[in-house]
Every structure is written in C-alpha cells, then in structure tokens.
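So that the names make sense, note that chain A is the first sequence line, chain B the second, and so on, each numbered from 1. Here the structure is a predicted model, which is why all the values come from computation and not from measurement.
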Amino acid sequence: MFLVKKQSNFLSDLNPDQRQAVEATEGPVLILAGAGSGKTRVLTYRIAHILDQQKAAPWEILAMTFTNKAASEMKERVKVLVGSDKNVWLGTFHSVFAKILRWDVSNIGYSSEFVIYDADDQERLVKYILADMGINPKEYAPKSIRNIISRQKNSLVSPESYASSVNSPFEKVVAQIYPLYQDRLRDNMAFDFDDLIAMPIRLFSECPDILKKYQARFRYILVDEYQDTNKAQYMLLHHLAKDSRNLCVVGDDDQSIYRWRGADLRNIIEFEKDFPNYHLFRLEQNYRSTQTILQAANSVIENNKDRKGKTLWSDREKGDPVELMEVVDEREEAQKVVESIKEEVFKGKRSFHEFAVLYRTNAQSRSLEDGLRRSGMSYTIVGGVRFYERKEIKDVLAYLKLICNPRDSLSLKRIINFPLRGIGESTLRRIEAWALNNGLDLFRAIGEVEAIPDIPSRIKKSVVAFHVMMQKYIALKDKITPNELVRTVVDETGLLTMYKGDTSVEGQGRAENIREFLSAVGEYVDSSESPSLSGFLEEVSLVTDIDSWNDKSNAITLMTLHCAKGLEFPVVFITGLEEGLFPVPRSLDEPEALEEERRLFYVGLTRAKDKIYLSWAERRRLFSDMNFRIPSRFLDEIDPDVVRKTKPARQQVRFERSRFHKRITEQFDTHPEYESFSQEDTCFQQGTRVRHEMFGNGTIVNMEGTGAKKKVVVQFENGVKKKFLLQYARFDSL
DNA sequence: GGCAATAGGCTTTTT
DNA sequence: GCCTATTGCC
C-alpha cells in the first residue's frame, strides 16, 4: 500500500499544535496559521498521515494552492514523506479545474479543446466589442471594463443580474458588454482565467451526477492560503466537500493581500457558517524569525482593526535590530542596499542568495537593478514583464492556439498579417463581415475567401496561402511532437528570421526569447508523460515567473512584496517606504485598502529570518519627475525599541559632483547649442583611462549618444567590456 | 497596404 | 522614462 517512509513515528517531528491539526483528519478543519508557523509542513504531514492511516488512496486527496511554486514545493515534500506523490491531486486552483473542464465541460455545451485567454487577450476582446458597438475606447477604458467583468465573474454575478444592479453610465456600458464578452469567448471556444473557476460551478450545478462523481472521489480536500480565496473558489470548495465534509483550510487573515482580486475574508466566516462543528487550530509559534523581527511585525499589524487577532512568538534569539535607512533619492537607496549587502557578506559570511530586496511596485526595480549592476553583484528579478506575456512569445503562442483551436478568432486576427502578408485592415473587415453574414467563424471564412467580394485577387492568393499553411499544421498537430511542430511553425512563418535580421538590441532579444521558447517546448516534451500541444499551451497559460525562480543560483533576489508571499530569506530589504508609494495613494482614503497595505508590509517583514533593512527616500523620481516625499506611516507603527536609524553620512564629493553633472547635462539637453560647453565632454573621451570601483582600471574604447544619454564603452584590464551611461557611471580619472 | 514618427498611458499587486 | 498603439504620410 502507500507506506509512509518513516513509518508512524514521523508525527514526532511536529509540535503539539501542529500535531493536533494533522491528526484531526475527519470533518471540517480551519487552521489559522501565522507566518512561519509551519503551514506547509502541517499540510504535507496531513496528507502523509491520511495515507499512512490508509484512510484514502492518493488519488482521493485533493490539495490546492494559489501558485505553482507552492504546489511543486508541496509535491516535493510529500514525496519525501511518502515516497511517491504521483497520484495525489496537488495543484493550483486554476490548473486543477482546467483539467476537470477538459474532461467534462462538453456536458454543458462547451468544447474540451478550449484555449485559455490571459488578461491581454481579454482586453483585446473587450476592444473588439467596443469597436463593434461604436464606443470610444478612450472614454470607456477596456482595462477597467475587463476588471469589472472579472470581478463580477469572481463573485458569481451573471450578466443578467449585473445589468439589473448597475447605476452609473459607465456601469451601464459594462452591463451591455459583459454578455457580449461571454458570447465572444464562447464563439472562440475560449475561457478566461475566471472561467476556469466559474465554469466548473456551472458544470456542477447543471450536471449533479458529475458533481457526485467528484464528491465521491475527493474524500479529503486541503486548501492552502485560504484567506486568498474568492467567492467563486469558495463555492467550488463548498460543492465538493458538501458530502464528505473533510475540508481542511489553512490561512492567515493577516496575510490576505489579494482583496483587490476578489479575495474575500468573509470566506472564513462563511466556512464557520457552512461547516458548523468545525475544528479550529491556531499555530502561533514562529520558527522563522528573530524576536526582534516578530516584535516589529506584531507592532505593525496590531494597528489593523479588522482581524481575528493572534500574536506570533518565537524562541529564537533576539537578533539584530531593524535597520532604518533614510536616503536622499532612489539612487542612494540602491547604493545603500549594495553597501549593506557587501557588509553582510563580508562580516556575516553570507552569500548572495540569502538576500531579497522587496518593493511595492515593479517600476521600483529599475534603480535597484542599476545599482546592483554597477556594483557587479549578481541578481535575479522575479516578475515584471513576464516571459509568456512578451509580444514575440504571444505571437508564436497565437499560431499554436489557432492550430489547436481554429475557432480562436482573436489569435487568428493577431497573426493573419504577422509576419506581414499584405492582408490589411480593410481586407480583414470584409472577411469578418462576410463571415458574419454567412454564419461562419473567421477561420472557415478565410478558407472560402474566393467567394468574398471586393478583395483584390493578389490579396486573395495571400489569404489562401495562409489558410493552406495553417491547415497543414492542423493536420500535422497529432502526427509530430509538439517541439517539432513549433520549430516548423517558427521556421516556416519566418517569425525567427525576421528578428534574426534585426540587429538592434530589442530584435536580438526577441530572437533570443523565441529560441528560449523553443527550448521550453523541448523541456515540456521531455518531462511530460503524454505531451500534446494543447497540454503545453495549458501549462504555459497557467505558469508565472515565480514558478521558474530557483533559489539555488547564488544571486540576490529582487521582487515585489506580493511575489514574496510564502517565501523566506535570511536578510530582507523593504524599499520605498514612503507615503503615496507604500501605502499606495489609492489606499489612502479607503480604510480597508489601507489595512491591506499594512498586511502587505506585515507579509514583507515576516519573510525575514535574521535581519531587516527598511528604507525611504527624501525624493524619488516617479513617472518622469522628481518629487519630495515623507516617510510611510507604517514606519511610525514599528515599536521604536527594535529600530536602529542609520542616517548615513551625506554623499561623498564624488556623488555630489555626479549630481551636479546631471543637472548641467539636463540643462544642456534643453539647450543643445550649449552642449559643447559641457566639461564632461573634455573629461571623458575615447582613450581616457578610468578606474571603476568594481571592475578596476580600463580604457574608454567607444562613446555614443549626447547629453544625458551619453554612453561610454570601457574595456577593462580584467578582460570585461562594459557599456555605461556616463551620468550614472562612477569613474575616477586616472 | 506599409512604414516611421508621435502621442499617450502607465505604475499596485497576479492566477 | 519607457513602452505600445495609433496616426499620418508614402
């Protein structure tokens, strides 16, 4: 049977609270687990314990997380305990229900060959609908329309009931679009992210026998990060666990940071109502952080009114105080991060992978990145522009989606003239109109292009060629492996060659990304048991960058606070603690939103094991201009006993000069005729010997750009060749 | 229909 | 400040 490796004594690894939570396998269980209290441990041991007691077979256990990263970590740990994880249903909400939809969605009139639309696709779809309705997208922003529709779907509000509840003119327009949006998804045989949750609910209520099947199958259900579930997700759990009542949810109300995405803390209250006689367990012992860090975190979170209330404690040592750094601007902030890391590495004998630099918005990563790059430290950024959301990748994906599902007209429109085939807007409009009149989908219509009037024969030929090519791929789809197919598509359509020929940095980057994509397909094929194109597409739609982040490379990690949830690092920097940045301006007049910002700060603080650095800048460049800033209110909330303020000595002369230099080059930029007076032009030129604090001595071998954009290429004696923006470069003349 | 230049938006967070 | 989408010209 499913033997647990360490046999029955493995429960002795747990503390009494954890052990109780693990052993209470029967009936509803709510575990309120503070940060670092061994939440994942409890979940994995629970799975092992259920198997050990032979209460269920692996495939009768369903465990759900929010990120693939959390899911794979859990899989790993279950594997260690149980020896095999193969058949435990362990995945994200979205991936688990995508799988279920593939199997059973045909029962409610949808195709199991559906494609998945991401936020960008959703927005495009809204744009097309707006265009059809003759509505100006500048007045009615597709982005906010998409957001509203998404929120409705997450709250299980149908188009009809939404329409009857709206008031403002804007909402009335959204109410018109919402049903059309759903129709269009259906016509394209596509689901958006929200459908992956909402559709199973519909499936379960329309087909009770299918619900019964899954109810009977999933005898034990476990949910991680329960505080982040939205109403739709709650309903799903409610349906599935109604019979067995063996639902175990683990959450921390203090770490709820996805309210804006529909996460609803009321789900904890609903749980108590829908599953009476539940067992409640609290895990308050933190195994991660020092006393000091917990004291700081507790003193902050106490300012929230809306919480169930708990206080984390730890028997770890007191540790270092929280370092609060007041800096002049974002450049000095980056500099201070660099210096502190250097010091920690030197004195504390730490290595780079033990550091995380966190920030509220992705935009803040740039200045930090510049600082780290200048210092020559290796770092990885998690998040930002995601790989699978890059334009060139989405283009390849659109080809693949169309091959899988020819009715996906959104993808068809994206690629019919890319690479350019002379099939322009007017041609497309004529085909679309004809398709509509003849009741055909777009792909079928382009197959009949000969019959469509008012299209020059030269263009018709091109349309036919496109159609023939796509038909060929569709026929090939099941005959060759996904990586052979993708390579063929990329080669034959010229997607790769067009970027190869582009010698610019962006062009080369895009070509590189496509090659990386090709190897991703290869990896998928190698690692999957029954690889298929649609399987690959599904995987791609549901992964995020954090999933591929690996903590084994020795590099400093940069990411947003949201991204950091669930992770831990010995040393954590939280930067940009300024009013109007963290907390963000939009939260200032809404108490609930402000509390969520505070929880986010709490999440950040509790990521740290040994040491925390906080920073705020007196001025910061936001958007395009510099503005003066005041420290975040959250800083005042930290118990002053645990804080050490470092108001570092003001800049060295070198730094002052470089800022002066910046000021004058900006002046010269607006008055180019004075540029020749810039002293730097004579200071640094080709052949000038320079010294860089990280790379050592070198020679300027090339220069490009003017004024503030002036760049120098330096060949260093150690063989490294680097390009710097002159205004940021920190050189000493030799 | 194709291409280059420009305007405009973005910056809260993501499955 | 950067990126994209749109505009206007060829």
Report all side-chain donor-acceptor pairs from residues 253-266 of chain A shorter than 3.5 Å, counting only partners two or more places apart or in another chain.
unit_1, atom_1, unit_2, atom_2, d
A/Asp253, OD2, A/Lys308, N, 2.6
A/Asp254, OD1, A/Arg307, NE, 2.9
A/Asp254, OD2, A/Arg307, NE, 3.4
A/Asp254, OD2, A/Arg307, NH2, 2.8
A/Asp254, OD2, A/Lys310, NZ, 3.0
A/Gln255, OE1, A/Arg607, NH2, 3.3
A/Gln255, NE2, A/Asp252, OD2, 2.9
A/Arg259, NH2, A/Glu590, OE2, 3.3
A/Trp260, NE1, A/Ile257, O, 3.0
A/Asp264, OD1, A/Arg266, N, 3.0
A/Asp264, OD1, A/Arg266, NE, 3.2
A/Asp264, OD2, A/Arg266, NE, 3.2
A/Asp264, OD2, A/Arg266, NH2, 2.7

When the distance from [atom1] of [X] to [atom2] of [N] is rounded to whole Å, what number comes out?
X: A/Asn362; N: B/dG9; atom1: CG; atom2: C1'; answer: 17 Å
X: A/Leu561; N: B/dT14; atom1: CG; atom2: P; answer: 10 Å
X: A/Lys394; N: C/dT4; atom1: NZ; atom2: C1'; answer: 14 Å
X: A/Glu369; N: C/dC2; atom1: CD; atom2: P; answer: 12 Å
X: A/Asn627; N: C/dG1; atom1: CG; atom2: P; answer: 13 Å
X: A/Leu622; N: B/dG9; atom1: CG; atom2: C1'; answer: 16 Å
X: A/Leu368; N: B/dT11; atom1: CG; atom2: P; answer: 19 Å
X: A/Phe387; N: B/dT14; atom1: CZ; atom2: P; answer: 18 Å

message: Over all strands shown, is A/Phe193 touching base, sugar-phosphate only, or nothing at heavy-atom distances under 4.0 angstrom?
response: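 The residue A/Phe193 makes base contact.
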message: Any base atoms under 4.0 Å from A/Asp118, or only sugar-phosphate, or nothing? Heavy atoms, all strands.
response: nothing
query: For A/Ile423 and A/Arg586, take the nucleotide of DNA chain B holding the closest heavy atom to each; which residue's nucleotide lies nearer the 5' end?
result: A/Ile423
message: By nearest heavy atom, map A/Glu596 and A/Thr427 onto DNA chain B; which one lands nearer the 5' end?
response: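 Closer to the 5' end of DNA chain B: A/Thr427.
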Can a salt bridge be assigned to the pair [X] and [Y] using a cut-off of 4.0 Å between side-chain N and carboxylate O?
X: A/Asp370; Y: A/Arg373; result: yes
X: A/Lys69; Y: A/Glu73; result: no
X: A/Lys153; Y: A/Asp192; result: yes

Taking only the side-chain heavy atoms of [X] (C-beta and beyond), determine which of [options] contains the nearest atom.
X: A/Ser426; options: B/dG1, B/dT13, C/dT4; answer: B/dG1
X: A/Arg621; options: B/dT13, C/dG1, B/dG1; answer: C/dG1
X: A/Arg366; options: B/dT13, C/dT4, C/dC2; answer: C/dC2
X: A/Leu420; options: B/dG2, C/dG1, B/dT13; answer: B/dG2

task: Please determine if a side-chain N or O atom of A/Lys143 lies less than 4.0 Å away from the OP1 or OP2 oxygen of B/dT11.
output: yes
message: Does a side-chain N or O of A/Thr560 approach OP1 or OP2 of B/dT14 to a distance below 4.0 Å, or not?
response: yes
query: Any side-chain donor paired with an acceptor under 3.5 Å for A/Glu333 and A/Ser615?
result: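 Yes, a side-chain donor-acceptor pair sits under 3.5 Å.
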- prompt: A/Tyr258 stacking on B/dT13: centroids under 5.5 Å, ring planes under 30°?
  reply: no
